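The next block holds one structure in the form of structure tokens; read it before the comments.
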Amino acid sequence: MTSDEKIPIEPILDTLNEDQRRAVTACTSTPLQIKAGPGTGKTKVLVARVAYLLLKHRIPPQNIIVTTFTKKAAKEMIERLDKLLQGSGIPTTKLLIGTFHSISYRIIQKYGAAEGLTGFTVATEKDAAQVLENVLDSDISDKDWALIQSLPDAALAPFVAGAVDSDGSGDTDSGTRPKLDKKKILRQISKLKAHAIFADEYAKQRDAMFLLSLIYSLYQRRLFENRLLDFDDCLLYCHKIISRRPVLSFVQHTLVDEFQDTNEIQLQLMFEFAKVKKVESETKCSVTIVGDLDQSIYAFRDAQVGNFEKMLDHFSRIHSLQCLVVTLSQNYRSTSDILAFSEHVMRQQMKRTQKNLVSQLQSSLKPVRATLESLDEEARWVAYHITHLVSLPQSPFEHSDIAVLVRSAYQTRVLESEFVKHRVPYTIVKGRAFWERKEVLAMVDYLRCVANENDQLAFLRCINYPKRGFGPVAIAEIEKLFSQTAKPSTDIREQIRLKLSDSPQLNASLALQTLRSVSRKELKSSFGAKLLESLNKFIAVIDGTRKLIKEALNGTESNPEALAAAFDYLYETSGLKRELGDDENKRLNIEEVKAQLILFEKPSQEDSLPDFAEHQFEIPDIEVIGDSEGEDEVIELLNLSGEQTKGETNDAFEFLRSFLSLVVLYETENSSKDHINHPKVSISTIHGAKGLEWPVVFIPGLGEGLLPASFALDGTEDAINEERRCFYVASTRAKTLLYLSTYTEKAGSLNWGRKPVEKQSRFLTGLDPMLAQMPFENEQSMKKLYTLTGTIPPQDLDYEKLQKKYLRDYNLYVKQTTDDHDNRPGFVTGTDISRLTLLQKATKSAKRLAPHDNKAPKYVPKRATCAPFKPVVRLAPVENQIPTAKATAPTNCINSTTALSTTSTNILRAPAYIPARAKHKRRLGTR
DNA sequence: ATTTCTTTACTTTTT
DNA sequence: GTAAAGAAAT
């Protein structure tokens, strides 16, 4: 054991500059704010600070909380920390590190029993929307609907859908209920939760809105019936737990990353994590926060930049503790040109304290900018320049050095399809895409049924997928049974509710139990014998898996094989396996879910949070009046912490619940390994690029309506400033090269809905002198590139020749001065890629339509161009059009299913017409 | 009850 | 121009 050998902290400190060192070695018993602009070594400082706490102050890792913004950031911190602490024997895995949400969920799992929070899983956004829909459909009484309808327009306005300006015309106020906008309501509820306001508290507020208050409490009740917590609940209920009981008294230091993006409840959580302690009449508080005001881009999620001030204020006013503020201003990431440009963008904003970031890189190249004539052309411009960069002689860049950052996710689509054509390999930085696949979702739903007997949503989704004969009528019946068993008529619950506000268990019902009693005919239903049998089978699948899981996880040792076996059992007996059939991709995705589940480590006893002696604290004293049935329940409800026997059986599923919740919180690793083998361009939203960096960054779509986004245009100045900070975050991701582009479209062009982009972004006005019109305008600048990147330029670097080729190809690629689309140099046309897919799909489809005829279809699509070209499908006799060997999809677009699937409906539809109508070659337009 | 055709609304950004 | 919801038709 080398744990006693002390690793010296000095070598670590030696790698820091003066400011960084000041921050790292700052007093650990007063609050510390580190203001770190982009590229100033924020993560480095944070990591060094943790190392300092571990080594110098000898704080055990399990007593340190670190909150990061994403799982990725947490992972990176651990990796870097491990490197620093190599051989010290300090187990960095014991650090309490993760996003606010995941840490909160862990705390709820461990200490939630006292507040009635056991057996909960985290709801996805879709679940939340579903719950709200159920509320609106069936939980609001006619009386309340009448009240809602009588509300003045002003009170309804924040909740009704799509700004339907009731321009006279009667507006059917009489009979119809107002159409409420789910998104808006969820946003409002989320906002309340972000400000730590519970439903019953809100109801008591004087200026509470009746509608919101009603829906909020009904929504919460339904969530809890399912034993689900939404994202905000994780924070809200964690705060409730830790503010009432000192369960976290073991925490000795708290670090918060990306502080500028914390909201009120997160600020309050931070205060609770870092409780002020009085030690020998000295007030102490050990907390370090890191952030940058200019990078605050989450106001839409109720982040408040004011938290910096609030923190200072909180400590000085309430605890007379002065926060130490350290500002880092040396930038190690970007060149001076990129930095100066970014700084100028921000300077346009009034009321901002000037930042003086100093680049540590001398030589530099101007950012490039261009205005293109259409959206497609812009995408081609990006693709062309990527190709140009990686194919420079002795290029300092490969594809993985390049990122394309966009404001809105939908902008990626054009890029994708253009990249497929150009054979530009790319990945979309989005961890969750995998978990939103249909088959993955289905499998996860089955796991949810197993892990959470209350998860009505999951049960309802699973019960008829694969088909078991439960149609909409049967589903509705089950829903009815669920809600009947969920709301007992005894008013004992109301009594408890008054004493213990929002104790979630009060409306608990076991969905699985309900189904069981239906199948045993204890609850009468209108199901026929067939349906009952089908239901029985379904229950048997869930119960069978539950048994296997229990066995697999009962021991203290983790048992991957047994877990895998349980998973397979569920996959097969549920019929999912058969349903997915021979689709190789889907099967692999299910395998991946299994792998993730097995990989997910069961937090062993020592790693988990310390136990907390509940009996030290009073359990609310409740007088119970009512029938004995209710009494038992109340006793059960209040006695949760003491129930060891019951707890044990639940433990097996606790593991599964953690896993499922972390999946929802996007906390799983992306286990794909091919990233290393094939360097790929990253396409990401700006928000997703936070904290990352690349040598080359493209920011397309710099037009009014895109960045700044259209919804901010007529908004307040704050809204515009948030957009500006978005741009700032994007541009400061770049190390060496920055490419900016805009396009303009004509007002009357085939744009639906969205306003056309007519002007370049206001953020660029007046900055032209800082920008170049094309990359490498002269020989010198090209040479700079090589020096800057530390690459040796080729001996025979012929600048003139390179530029000539660049210009010639530019016209060909970007401007497309040839109209022979299939034969443009360097292009793979949509034809090549989709031909094979088309043939496969056409064959399948035609066979399905005419099963008696086993021969291949008479006609297959001859040519289908990919988006963004007009998807025109022509049919030709099959013998004339046998796909050639080269018509396989390039490997680099495996991930890019969107690019191909955008036309999928058209592709699928076209062959469907074959047997009926396509007697002669027929052109199938797509409306 | 499922498939097929028609209509509609939709685009922030994410834990 | 597309998904997703709604309507109509097998």
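Each chain gets a letter, A, B and so on, in the order the sequences are listed, and its residues count up from 1. Given the structure is predicted, the values throughout are model-derived calculations rather than measurements.
Taking the centre and axis of the six-membered ring of A/F159, the NZ or CZ atom of A/K182 falls outside the cone set by 45° and 6.0 Å.
As a whole-Å value, the separation of A/Y298 OH from B/dT12 P is 16 Å. The CG atom of A/L662 sits 20 Å away from the P atom of B/dT14 (whole-angstrom rounding). One can place CZ of A/R187 at 13 Å from P of B/dT12, the figure rounded to the nearest angstrom. Spacing between atom CG of A/D376 and atom P of C/dG1 amounts to 10 Å, rounded to whole angstrom units. The distance from atom CG of A/L236 to atom C1' of B/dT15 is 15 Å, rounded to the nearest whole Å. Between the CZ atom of A/F259 and the P atom of B/dT15 there is a distance of 20 Å, given to the nearest Å. Going from atom CD of A/E722 over to atom C1' of B/dT14 covers 12 Å, rounded to whole Å. Atom NZ of A/K530 and atom P of B/dA1 are 12 Å apart (whole Å).
Note on A/A409: only backbone sugar-phosphate atoms sit closer than 4.0 angstrom, heavy atoms only; bases stay farther off. Among the heavy atoms of the strands, none lies under 4.0 Å from A/K690. In this structure, A/F100 reaches neither bases nor backbone, as no heavy-atom distance under 4.0 Å exists between it and the strands shown.
A/E722 approaches A/F300 most closely through the heavy-atom pair OE2-N, 3.9 Å.
Each of A/E723 and A/G471 has a nearest nucleotide on DNA chain B; the 5'-most of these lies closest to A/G471. Two residues, A/F69 and A/G469, neighbour DNA chain B, and the one matched to the more 5' nucleotide by heavy-atom proximity is A/G469.
A side-chain N or O of A/Q304 and one of A/N307 form a donor-acceptor pair less than 3.5 Å apart. Inspection of the A/S525 and A/E477 side chains reveals no N or O donor paired with an N or O acceptor under 3.5 Å. In this model, a donor atom of one side chain and an acceptor atom of the other lie less than 3.5 Å apart for A/S342 and A/S731.
Centre separation under 5.5 Å together with a plane angle under 30° holds for the ring of A/F231 and the six-membered base ring of B/dT15, marking them as stacked. Stacking of A/F300 onto the six-membered ring of B/dT13 is present: less than 5.5 angstrom between centres, less than 30° between planes.
Checking B/dT12, B/dT11, B/dT15 against the side-chain heavy atoms of A/K183 singles out B/dT11 as nearest. For A/Y410, whose side chain is taken as the heavy atoms from C-beta onward, the closest listed nucleotide among B/dT15, B/dT11, B/dT14 is B/dT11. Of the candidates B/dT2, B/dT15, B/dT13, the closest approach to any side-chain atom of A/K467 belongs to B/dT2. Closest approach to the A/R407 side chain among B/dT14, B/dT15, B/dT13 is made by B/dT13 (side chain taken as heavy atoms from C-beta onward). Of all nucleotides listed (B/dT13, C/dT2, B/dT15), C/dT2 comes nearest to the side chain of A/R413.
Between B/dT11 and C/dG6, the two P atoms lie 16 Å apart (nearest whole Å).
A close approach under 4.0 Å does occur between a side-chain nitrogen or oxygen of A/T685 and OP1 or OP2 of B/dT14. An OP1 or OP2 oxygen of B/dT15 is reached within less than 4.0 angstrom by no side-chain nitrogen or oxygen of A/K193.
The base-pairing partner of C/dT2, taking Watson-Crick or G-U wobble contacts with both distances under 3.5 Å, is B/dA9.
Taking a 6.0 Å sphere around NZ of A/K690, one finds it holds more than 12 heavy atoms contributed by other residues, nucleotides or ligands.
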